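Let me begin by presenting the structure, written as structure tokens, before commenting on it.
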Amino acid sequence: MIFLKKFWTIFLLLSMTSVFFYYTINIFLGDYSFSEIRKLSTDLENLKNSNDVLENENKNLLDNFKESDKNK
């Protein structure tokens, strides 16, 4: 009975709207506000930049180590 096309579309419609409203209400009334989401994206960008700096430093150190290893 539930696998009839009519009931299946009603089930999908109800489930999708409930999920949409759950996440919408969670954004507006939940733990995260839009300013905190923007702050998290800023923190993520800063983390990526610091990761790039560390990666370049590690590359330079590895190159220096290989060069000093060749000189021995």
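Everything quoted here is computed from the prediction, not taken from an experiment.
- Interatomic distance, CE of M16 versus CZ of F11, reported as 10.5 Å (0.5 Å rounding).
- Atom CG of residue D63 and atom CG of residue N58 lie 11.0 Å apart, to the nearest 0.5 angstrom.
- Through chains of ILVMFWY side-chain contacts below 4.5 Å, F21 is grouped with F20.
- L47 shares a hydrophobic cluster with no other residue; no ILVMFWY side chain has heavy atoms under 4.5 Å from its own.
- Put simply, OG1 on T17 and CG on L12 are 10.5 Å apart, with the number rounded to the nearest 0.5 Å.
- Under the side chain to side chain contact (heavy atoms under 4.5 Å, CB included) criterion, E57 pairs with V53, L54, not counting sequence neighbours.
- Through direct or indirect side-chain contacts shorter than 4.5 Å among Ile, Leu, Val, Met, Phe, Trp and Tyr, L14 is connected to I10.
- Residue N51 holds its CG atom at 10.0 Å from NZ of K48, rounded to the nearest 0.5 Å.
- Other residues sharing a hydrophobic cluster with V19 under the 4.5 Å side-chain heavy-atom criterion for ILVMFWY residues are Y22, Y23.
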